[in-house]
Amino acid sequence: MTIPKKYKAGEIETRWQDHWSERGVYDWKPDVPRENTFTVDTPPPTVSGSLHVGHVFSYTQTDLIVRYQRMQGKNIFYPMGWDDNGLPTERRVQNVYGISCNPRLPYEKDWKPEPQSGKKSKKSDAVEVSRKNFIEACEILTGDDEKAFEALWRRLGLSVDWSLQYATIDDHCRKLSQYSFLDLVEKGFAYSHEAPTMWDIDFRTAVAQAELEDREMPGAYHDIKFAVEGGGDFTISTTRPELLAACIAVVAHPDDKRFKDLFGKHAITPLFHAKVPILPAEHADPEKGTGILMVCTFGDVMDVEWWKSSKLPAKQIIGRDGRLIELDYGTAPFTSENPELANSNYGELSGLTIKQAQKKIVELLAADGSAVDGNGTALLGEPKQIMHPVKFFEKGDRPVEFLTTRQWFVKVCDYKEELLAQGRKISWHPEYMRARYEHWVEGLNTDWCISRQRFFGVSFPVWYPLGENGEPNYDSPIYAKAESLPVDPMSDVPEGYTEDQRGQAGGFIGDPDVMDTWATSALTPQIASGWYTNSERHAGLYPMDLRPQAHDIIRTWAFVTILKSWMHEGTIPWSHIALSGWILDPDRKKMSKSKGNVVTPDHLLTEYSSDGVRYWAARARLGTDTAFDDKVFKIGQKLVLKIFNMGKFVVSLLSQLEGEPVSKADISEPLDLAQIEELRATIAKATKSFEAFDYATALQAAEDSFWKTCDFYLELVKTRAYKGEDLAARRSALATLKESLLVYLRLFAPALPFITEEVWSWHPHSTCESIHHAPWPKLEELQIVATPEQDNILLAASEVLSEVRKQKSVAQTSLTTEVTQLKVKGVSSKLSALKSALSDLIHAGHITESGMEFEEDGDLQESDPCEVQVTLAESSS
RNA sequence: GGGCGCUUAGCUCAGUUGGUAGAGCGCUACCCUUACAAGGUAGAUGUCGCAAGUUCGACCCUUGCAGCGCCCACCA
């Protein structure tokens with residue numbers, strides 16, 4: 001093996017990447033027993049657009065842990081999935097191909113998607129295709145992205161087994177996702193019912209609690225006067241005046257003296273003259289607004305909660321498109337004391353968007369005094385502008401509304417205790433992240449809504465029989481047989497029916513909805529292991545060892561995975577969960593595509609090399625957010641270069657030795673024993689850290705020790721190793737250098753797989769072809785080497801050498817300048833330590849042997865550095 | 001309003017069970033020295049967020065406060 005003169009990272013990294021792939025270095029071996037296998041539930045990245053440095057950061061961290069486990073002799077199951085299911089892909093496929101999905105259309109076998117050239121196609125121009133065709137288009141589009149992602153991951157050196165790939169929209173995932181649904185139904189965990197549900201009016205779909213986020217939005221309190229039946233009035237304050245027509249009651253706190261006399265009476269709403277009860281309710285806050293408020297169906301979660309217990313009929317006025325629906329006063333539940341006026345007023349609002357309706361109703365209220373006996377108008381004063389948090393679907397543009405619709409749910413509220421118990425069986429890294437999971441579980445207040453009124457995704461394997469009048473019977477759904485999965489109920493036919501009965505009275509209809517993407521993502525361990533489809537393999541891989549993921553999706557991904565694992569098999573999905581931090585931009589804002597502050601990784605890999613970029617990721621601790629800082633890449637590059645040079649030096653020294661190759665048995669000199677002791681300490685620390693998934697501390701330990709070794713031990717021993725006349729002493733130095741190199745290379749291998757593999761390959765005595773299958777350094781391998789009699793030899797020699805260098809630096813002279821006299825004053829133990837390495841010290845410091853003087857100083861402490869007096873030869877220049 | 005985390009050198013961050021504050025970057029000076037000039041050697045820099053308490057002794061433990069970040073709840 002020839003050693004290159006300069007380290008060209010790009011060339012060498014490409015070479016090793018290809019080599020590993022050709023040799024199958026990272027392949028999983030199915031026949032190795034479970035206890036010798038380490039399994040990873042890799043997060044499938046969303047395949048829409050490109051990866052950014054945040055991905056590189058967290059995936060590298062997982063790779064570090066995996067590589068350590070591999071070197072511990074574990075068979076590694078490290079798959080890669082692609083999340084190409086869900087809204088981001090749906091949007092993207094629509095834009096790229098100018099198509100949209102209509103599940104009611106039949107599948108067209110010969111249809112192929114064509115990318116739209118030029119300008120973005122308008123929504124209205126989109127060609128409608130069947131769900132199956134849409135999925136095919138998705139697979140074509142995401143296939144290209146997946147190749148690009150894979151190439152990046154390979155370049156980064158992720159030690160994934162690339163034969164273990166899955167995509168969340170592929171047949172296997174849809175099959176398992178549908179099977180999971182059927183299993184949940186069978187076990188009584190999943191149910192469908194019609195109820196108010198959070199709804200996004202733009203996507204026109206139900207959304208789940210976990211997909212919500214708060215946004216600060218401008219709003220306004222509107223003070224509206226209500227009449228009391230039998231005389232009198234009161235004023236409520238609301239930010240949603242447009243929901244006045246949906247008012248079903250007025251409530252105040254039971255102890256609120258101001259309104260006590262009103263309880264039991266009825267209020268008459270302005271404009272619509274609806275008679276609504278005035279009732280006490282605990283959730284009314286006397287301090288807030290006017291202390292008395294209207295309950296509408298539905299303005300917010302409290303309205304829904306209160307309505308459920310009230311037994312009052314709901315008045316739904318917001319349609320699925322976010323516009324006020326048409327309705328007729330006089331028809332229950334829209335009763336009115338004055339239906340004609342109510343209809344006339346509502347007619348002004350009907351068909352308007354929520355925003356438009358709000359503006360309109362303010363005008364109407366300002367002009368209306370009919371309900372309050374000519375005592376002014378219903379609207380009091382000007383609306384008071386405020387900023388307040390409003391709930392949004394995280395991908396949505398307008399606030400969520402509560403709409404009564406039929407949806408599928410998974411019971412979660414009933415099982416909080418069990419889910420908390422499952423969470424406690426898992427090791428969280430860092431430990432405090434468990435609290436986030438527990439808070440989320442404790443705070444759950446709605447069952448998990450898993451149906452979405454979208455087209456693209458995993459469909460429910462369900463049909464509904466149609467009655468004699470063509471009415472669907474939702475209470476006796478027809479479930480697909482497990483063997484037939486995956487099915488698309490919009491094109492497949494349930495057993496016992498024929499296609500021509502679709503939509504016909506006495507026939508059936510398919511469930512048009514698709515599942516929440518988390519319902520599929522919740523199964524990533526089972527998808528990778530082959531649950532249901534390959535029970536033997538599943539049993540050999542599951543539960544898994546490690547789930548790496550980001551901390552912001554504990555409430556979604558971690559939660560649903562734990563949930564489904566418990567519901568399906570009564571177990572935890574993995575024994576460890578490692579939470580990575582975020583990458584922050586230099587202004588300490590989270591780097592994310594939607595913020596437009598992302599840094600893409602390709603140019604970084606080119607500029608700083610894969611090892612350099614990996615080094616940056618390896619320095620950040622789990623759970624800790626890290627500011628993007630290109631200085632750290634440079635430190636990594638510097639370390640790589642140092643490893644290259646140190647390796648080159650040691651390997652060339654070894655090759656210059658004639659005769660028997662050196663071995664550990666040759667290590668005998670006190671200074672060398674001290675260096676081996678240093679290695680032992682470093683191995684112990686790095687191993688302990690890695691066992692706790694703390695790769696960053698492990699790297700730090702290796703790095704600190706490595707630089708120290710290069711700066712001091714290597715300099716001290718250089719002359720002896722190079723041309724030592726005492727052959728035994730020289731062999732001792734060479735053997736120590738060799739062991740040091742082999743230990744450091746392996747300690748660095750998880751973080752810096754390329755440079756370590758390169759240097760490892762130069763070494764003629766390497767027993768393992770790839771360093772990545774070499775055994776992780778163990779204390780036992782150095783057992784044969786004696787412990788030094790004194791533990792401060794390296795320290796004392798380094799102190800003196802450092803002082804000599806300092807004096808030369810102060811004198812602004814070269815480090816090769818001869819020291820004619822060196823007086824060392826120190827405690828006796830240090831002096832004797834120095835004497836045991838005297839010859840090395842003399843050579844490294846360019847000290848004249850006859851000029852050495854030692855003096856014992858009883859006043860000094862053991863921990864004090866020696867006092868050193870240096871006399872330099874006259875500079876010749 | 002509740003919870004979690006953070007606050008240490010100009011910057012990015014370490015600091016193991018309480019015992020005299022650390023690294024790298026940056027900055028300054030010097031050095032071609034036979035592994036390394038894509039380098040090396042050395043130097044300067046801190047009221048450890050604030051306040052009280054426990055202790056012989058506190059960056060570390062306790063309490064309170066402040067600031068930052070995140071999560072959750074509230075949303076009339």
Side-chain angles (χ1 to χ4, degrees), chain A residues 3 5-7 9 214 217 219 221-222 236-241 243 250-252 281 283-285 288-296 299-303 306 386 388-391 399 430 432-440 442-445 551-552 554-555 581-582 584 586 588-590 616 619-621 623-632 634-635 637-653 685 688-689 696-697 700 703-704 707 710-711 714-715 718-719 722-723 737 801-817 846 863:
Chain A
I3 299 176
K5 203 164 170 63
K6 291 271 178 190
Y7 186 61
D214 285 352
M217 299 293 289
Y221 277 115
H222 300 73
I236 62 110
S237 197
T238 181
T239 56
R240 302 284 313 261
L243 293 177
V250 173
V251 298
H283 77 269
D285 178 358
K288 206 159 185 178
T290 55
I292 186 163
L293 61 132
M294 67 170 181
V295 177
C296 301
D300 60 45
V301 193
M302 274 322 302
D303 286 346
W306 188 83
I386 53 157
H388 63 156
V390 180
K391 283 208 184 311
Y432 62 76
M433 288 290 182
R434 185 204 311 277
R436 298 206 184 174
Y437 170 78
E438 296 191 340
H439 283 141
W440 175 253
E442 283 160 5
L444 287 166
N445 55 32
H551 59 67
D552 55 334
I554 291 174
R555 66 173 183 165
W582 286 337
L584 309 176
R588 306 207 72 89
K589 295 273 178 288
K590 184 193 173 190
W616 162 74
R619 283 247 307 213
R621 282 157 165 72
T624 307
D625 298 343
T626 299
F628 180 81
D629 181 358
D630 60 359
K631 280 180 282 193
V632 182
K634 291 184 184 157
I635 305 168
Q637 266 186 309
K638 217 173 119 174
L639 174 62
V640 167
L641 189 64
K642 195 77 174 177
I643 293 170
F644 173 84
N645 284 318
M646 193 267 203
K648 201 166 69 167
F649 180 53
V650 172
V651 171
S652 72
L653 281 177
K685 191 169 181 197
K688 189 182 165 203
S689 302
T697 303
Q700 191 72 55
E703 200 181 348
D704 290 348
W707 282 101
C710 289
D711 290 347
L714 210 68
E715 292 299 331
K718 193 185 263 182
T719 309
Y722 189 60
K723 53 182 181 188
L737 286 171
L801 183 58
S802 190
E803 188 60 29
V804 169
R805 285 170 178 167
K806 182 176 170 179
Q807 294 308 322
K808 290 178 180 176
S809 194
V810 168
Q812 304 201 342
T813 182
S814 161
L815 288 177
T816 51
T817 305
H846 298 267
S863 58

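Here is how names work: the chains are called A, B, and so on, in the same order as the sequence lines, proteins then strands, and each is numbered from 1. Treat the numbers as computed from the prediction; the structure is a model and nothing was measured.
Close to B/rG43, at under 4.0 Å from its OP1 or OP2, lies a side-chain N or O of A/Lys806. The phosphate of B/rC72 has OP1 or OP2 within less than 4.0 Å of a side-chain N or O from A/Arg555. Here A/Lys638 reaches the OP1 or OP2 of B/rC25: one of its side-chain N or O atoms lies under 4.0 Å away.
Within the model, atoms CG of A/Asp625 and CH2 of A/Trp582 stand 6.5 Å from one another, a figure rounded to the nearest 0.5 Å. Note that the CG atom of A/Leu737 and the NZ atom of A/Lys718 stand 11.0 Å from one another [nearest 0.5 Å]. Expressed to the nearest 0.5 Å, how far CD1 of A/Ile236 lies from CD1 of A/Ile292 amounts to 9.0 Å.
Between A/Thr239 and A/Ile386, some side-chain heavy-atom pair lies under the 4.5 Å cut-off. A 4.5 Å side-chain heavy-atom check between A/Asn645 and A/Lys648 finds at least one atom pair inside the cut-off. With a 4.5 Å cut-off on side-chain heavy atoms, A/Asp214 and A/Lys391 count as touching.
Looking at the side chain of A/Lys642, the nearest of the listed nucleotides B/rA29, B/rA35, B/rU33 is B/rA35. Out of B/rU33, B/rU41, B/rA35, the shortest distance to the side chain of A/Arg805 is found at B/rU41. Side-chain proximity of A/Leu641 to the nucleotides B/rG39, B/rG15, B/rA35 is greatest for B/rG39. Distance from the side chain of A/Lys391 is smallest for B/rC75 among the nucleotides B/rC72, B/rG40, B/rC75. Comparing atom distances between the A/Tyr722 side chain and each of B/rU34, B/rC72, B/rC75 picks out B/rU34 as nearest. With B/rC30, B/rC75, B/rC71 as the choices, the nucleotide that has an atom nearest any side-chain atom of A/His388 turns out to be B/rC75. Among the nucleotides B/rA35, B/rA29, B/rC75, the one closest to any side-chain atom of A/Pro389 is B/rC75. Side-chain proximity of A/Lys288 to the nucleotides B/rA35, B/rC74, B/rC72 is greatest for B/rC74. Looking at the side chain of A/Ile635, the nearest of the listed nucleotides B/rC31, B/rG24, B/rA29 is B/rG24. Considering only the side chain of A/Ser802, B/rA42 comes nearest among B/rA42, B/rA35, B/rC75.
Judged purely by atom type and a 3.5 angstrom limit, A/Trp616 has no side-chain atom pairing as donor or acceptor with the backbone of A/Val632. In this structure, A/Ser809 contributes its side chain and A/Arg805 its backbone to no donor-acceptor pair below 3.5 Å.
A/Glu703 has its CD atom 19 Å from the P atom of B/rG22, to the nearest Å. Computed from coordinates, the A/Phe649 CZ to B/rG40 C1' distance equals 14 Å when rounded to whole Å. In this structure, A/Lys6 atom NZ and B/rA35 atom P are separated by 14 Å, rounded to whole Å. Rounded to an integer number of Å, the gap from CG of A/Leu639 to P of B/rA23 is 17 Å. When rounded to the nearest whole Å, the span between CD of A/Gln807 and C1' of B/rA29 equals 15 Å. Here the C1' atom of nucleotide B/rC75 and the CE atom of A/Met302 are 11 Å apart, to the nearest Å. Whole-Å rounding puts the A/Leu815 CG to B/rG43 C1' distance at 14 Å. Rounded to whole Å, the distance from NZ on A/Lys808 to C1' on B/rG43 is 18 Å.
B/rG15 and B/rC60 have their C1' atoms separated by 9 Å, with the value rounded to a whole Å. Look at the C1' atom in both B/rC27 and B/rU12: the space between them is 16 Å, to the nearest Å. The C1' atoms of B/rG10 and B/rG46 are separated by 12 Å, rounded to the nearest whole Å. As rounded to the nearest Å, B/rU41 and B/rA35 have P atoms that lie 14 Å from one another. Between B/rC74 and B/rC65, the distance separating the two P atoms is 25 Å to the nearest Å. Nucleotides B/rU34 and B/rG49, compared at atom P, are 46 Å apart to the nearest Å. Comparing the P positions of B/rG24 and B/rC72 gives an interatomic distance of 40 Å, to the nearest angstrom. The gap from the C1' atom of B/rC68 to that of B/rG26 amounts to 25 Å, rounded to the nearest Å.
Looking at heavy-atom distances under 4.0 Å, A/Glu715 makes contact with a base. In this structure, A/Lys634 reaches neither bases nor backbone, as no heavy-atom distance under 4.0 Å exists between it and the strands shown. Nucleic acid contact for A/Cys710: base, since at least one base atom lies under 4.0 Å from a heavy atom of the residue. The residue A/Ile554 sits apart from the nucleic acid: no heavy atom pair falls under 4.0 Å. Using a 4.0 Å heavy-atom distance criterion, A/Tyr7 is classed as a base contact. Across all strands shown, A/Asp711 has heavy atoms under 4.0 Å from sugar-phosphate atoms exclusively, and none from any base. Residue contacts for A/Lys718: at a heavy-atom cut-off of 4.0 Å it reaches a base atom on one of the strands shown. At the heavy-atom level, A/Trp707 lies under 4.0 Å from the strands shown only through sugar-phosphate atoms.
Where A/Leu801 and A/Leu714 each meet RNA chain B at their nearest nucleotide, the meeting point lying more 5' is that of A/Leu714. Along RNA chain B, the nucleotide nearest A/Gly291 and the nucleotide nearest A/Trp440 are compared for position; the residue whose nucleotide lies closer to the 5' end is A/Trp440.
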Report task. Starting from the C-alpha separation in whole Å, work towards a yes-or-no answer on side-chain contact (heavy atoms from CB on, under 4.5 Å) for A/His388 and A/Tyr221. Result -> CA-CA 11 Å; A/His388 63 156; A/Tyr221 277 115; over 6 Å; no
Requested in this report: Assess whether side-chain contact (heavy atoms from CB on, under 4.5 Å) is satisfied between A/His846 and A/Val804, documenting all intermediate values.
Outcome: CA-CA 9 Å; A/His846 298 267; A/Val804 169; over 6 Å; no
Requested in this report: Could you go through the side-chain contact (heavy atoms from CB on, under 4.5 Å) check for A/Lys638 and A/Trp707 one step at a time?
Outcome: CA-CA 11 Å; A/Lys638 217 173 119 174; A/Trp707 282 101; 4.2 Å; yes
Query raised in the report: Taking it one step at a time, do A/Cys296 and A/Arg240 satisfy side-chain contact (heavy atoms from CB on, under 4.5 Å)?
Result: CA-CA 9 Å; A/Cys296 301; A/Arg240 302 284 313 261; over 6 Å; no
Report summary line: Once base and sugar-phosphate atoms are separated, protein heavy atoms under 4.0 Å mark nucleotides 3-11 of chain B, 5' to 3', with B, S and - as SSS-----S
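Put simply, the side chain of A/Asp214 and the base of B/rC74 share a donor and an acceptor less than 3.5 Å apart.
In RNA chain B, runs of at least 3 consecutive Watson-Crick or G-U pairs, each pair with both distances below 3.5 Å, span B:1-7 with B:66-72, B:10-13 with B:22-25, B:27-31 with B:39-43, B:49-53 with B:61-65.
In this structure, the side chain to side chain contact (heavy atoms under 4.5 Å, CB included) partners of A/Ser814, at least two apart in sequence or on a different chain, are A/Thr816, A/Thr817.
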